[in-house]
Colleague: 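Next up is a structure, given as structure tokens.
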Amino acid sequence: MTLKEYLGKAVKETGKMYLEDLEAMDEGVLQRSPGGVARRPVDYSYEIAVINKRITHRLRGTDPGEWPGPAEGFITAPPEYSSKSAAVDLVRSSFDDLSAAWETVDENDLERKIELPKGETSPLDLISMAAT
């Protein structure tokens, strides 16, 4: 198994395990905000999907645009992504798109430079982040 294959498999497994946990939670748990001030599980799920989609853009050589969250603080799920079904669908599609984008990266291109607004990265660095 090549490194590229291994990381592709790891991303798929990460997505599978996350979705199993997400689907096992009931709506009330997903909406609960500990102490009334912490982010809800649905907010974390939204953030994972947003990051996966941004990585997908970078792997494809496209600009993901501006960060959709606040400049300070944490991103939270907008109302249209706050239900369990919407969160599951969004997370699933983000992992599917990420896996498809990874498949298009050439084995010899894993360490190519990808310019970021504040530095640089590579496909290998990006997919490693998504696989953990």
Colleague: Which atom pair, heavy atoms only, marks the closest approach of Val11 to Ala131?
Modeller: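 Val11 and Ala131 have their closest heavy atoms at CG2-CB, 3.8 Å.
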
Colleague: Could you check if a side-chain atom of Val50 sits within less than 4.5 angstrom of a side-chain atom of Trp67, using non-hydrogen atoms only?
Modeller: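 A side-chain contact exists here, since the closest heavy-atom pair is under 4.5 Å.
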
Colleague: Ignoring hydrogens and angles, state whether a donor on the side chain of Tyr18 or Ser45 is under 3.5 Å from an acceptor on the partner side chain.
Modeller: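 A pair is found: one side chain offers a donor N or O, the other an acceptor, under 3.5 Å apart.
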
Colleague: What is the minimum heavy-atom distance between Ser82 and Val42, and which atoms define it?
Modeller: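 Heavy-atom minimum between the residues: O-CG2, 3.5 Å.
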
Colleague: Which is it for Ile48 and Phe95 under the side-chain contact (heavy atoms from CB on, under 4.5 Å) test, yes or no, and what are the steps along the way?
Modeller: CA-CA 9 Å; Ile48 286 168; Phe95 274 104; 4.0 Å; yes

Colleague: Shortest non-hydrogen contact from Ala101 to Arg60?
Modeller: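 Looking at all heavy atoms of both residues, the shortest contact is CB-NE, 3.7 Å.
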
Colleague: Quick check: does any side chain N or O of Trp102 sit under 3.5 Å from a backbone N or O of Pro123, one acting as donor and the other as acceptor?
Modeller: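 No: the side chain of Trp102 does not pair with the backbone of Pro123.
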
Colleague: Looking at Glu80, I'd like to know if its CD atom is crowded, meaning that more than 12 non-hydrogen atoms belonging to other residues, nucleotides or ligands lie closer than 6.0 Å.
Modeller: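 Yes, CD of Glu80 has more than 12 neighbouring heavy atoms, counting only those of other groups under 6.0 Å.
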
Colleague: Closest heavy-atom contact between Glu111 and Leu124?
Modeller: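 Taking Glu111 first and Leu124 second, the nearest heavy atoms are CG-CD2, 4.2 Å.
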
Colleague: To the nearest 0.5 Å, how far apart are CG in Asn52 and CE in Met129?
Modeller: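 Result: 8.5 Å between the selected atoms.
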
Colleague: Rounded to the nearest 0.5 Å, what's the gap from CZ on Arg39 to CD on Glu47? Could you check?
Modeller: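 Those atoms lie 4.5 Å apart.
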
Colleague: Determine whether a donor-acceptor pair (N or O, by modelled atom type, separation under 3.5 Å) exists between the side chain of Glu5 and the backbone of Thr2.
Modeller: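 Pair found, side chain donor or acceptor close to backbone of Thr2.
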
Colleague: Does Glu66 have more than 12 heavy atoms from other residues, nucleotides or ligands lying within 6.0 Å of its CD?
Modeller: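 For Glu66, atom CD is not crowded (no more than 12 foreign heavy atoms under 6.0 Å).
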
Colleague: Can you check whether Asp96's main-chain N or O pairs, donor with acceptor, with Ser99's side chain at less than 3.5 Å?
Modeller: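 Such a contact is absent between Ser99 side chain and Asp96 backbone.
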
Colleague: Could you measure the distance from the CG atom of Leu90 to the OG atom of Ser83? Nearest 0.5 Å is fine.
Modeller: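 That separation rounds to 10.0 Å.
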
Colleague: Starting at OG1 of Thr14, measure out to CG of Leu7 and round the result to the nearest 0.5 Å.
Modeller: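 Between Thr14 OG1 and Leu7 CG, I get 10.0 Å after rounding to 0.5 Å.
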
Colleague: So, for Lys84 and Leu22, which heavy atoms are closest and what is the spacing to 0.1 Å?
Modeller: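 For Lys84 and Leu22, the tightest heavy-atom pair comes out as CE-O, 3.8 Å.
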
Colleague: With side chains defined as the heavy atoms from C-beta onward, is the minimum distance between Tyr46 and Thr76 less than 4.5 Å?
Modeller: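 A side-chain contact is absent here, since even the closest heavy-atom pair is not under 4.5 Å.
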
Colleague: What is the minimum heavy-atom distance between Arg32 and Pro34, and which atoms define it?
Modeller: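 Smallest heavy-atom distance, with atoms named: O-CD, 3.6 Å.
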
Colleague: Please determine if Lys9 and Glu13 form a salt bridge, counting it only when a charged side-chain N lies under 4.0 Å from a carboxylate O.
Modeller: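 A salt bridge is absent here (no side-chain N lies under 4.0 Å from a carboxylate O).
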
Colleague: Between the side chains of Arg92 and Glu23, is the shortest nitrogen-to-carboxylate-oxygen separation below 4.0 Å, so that they form an ion pair?
Modeller: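 Between Arg92 and Glu23 there is a salt bridge, with a charged N closer than 4.0 Å to a carboxylate O.
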
Colleague: Is Asp109 reaching over with its side chain to a backbone N or O of Arg112, donor-acceptor style, under 3.5 angstrom?
Modeller: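 The answer is no, because no donor-acceptor pair under 3.5 Å joins these two groups.
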
Colleague: Between Asp63 and His57, is a side-chain contact (heavy atoms from CB on, under 4.5 Å) present by the stated rule, with each step listed?
Modeller: CA-CA 6 Å; Asp63 185 350; His57 275 284; over 6 Å; no

Colleague: Just so I know, are the side chains of Leu19 and Val91 near enough to count as touching, which here means a heavy-atom distance under 4.5 Å?
Modeller: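 Leu19 vs Val91: side chains touch.
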
Colleague: Determine whether Arg54 and Ile51 make a side-chain contact, defined as any pair of heavy atoms from C-beta on separated by less than 4.5 Å.
Modeller: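 No. Closest side-chain heavy atoms not under 4.5 Å.
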
Colleague: Establish whether Phe74 and Leu30 are linked, either directly or via other cluster members, by ILVMFWY side-chain heavy-atom contacts under 4.5 Å.
Modeller: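 No, no single cluster joins them.
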
Colleague: For a 4.5 angstrom cut-off between non-hydrogen side-chain atoms, does Ile114 reach Glu120?
Modeller: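 Not in contact.
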
Colleague: With distance as the sole test, does Asp43 use its side chain to make a donor-acceptor pair with the main-chain N or O of Arg40 at under 3.5 Å?
Modeller: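 Yes, because the side chain of Asp43 sits within donor-acceptor range (under 3.5 Å) of the backbone of Arg40.
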
Colleague: Does the side chain of Val105 come within less than 4.5 Å of Ile127's, by heavy atoms?
Modeller: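 Not touching, per the 4.5 Å side-chain cut-off.
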
Colleague: Taking Arg58 for its side chain and Thr121 for its backbone only, find out whether a donor-acceptor pair lies under 3.5 Å.
Modeller: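 Judged by distance alone, no pair lies under 3.5 Å.
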
Colleague: Are Met17 and Leu98 connected into the same hydrophobic cluster when the rule is that any two of I, L, V, M, F, W, Y join if their side-chain heavy atoms are below 4.5 Å apart?
Modeller: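 Different hydrophobic clusters.
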
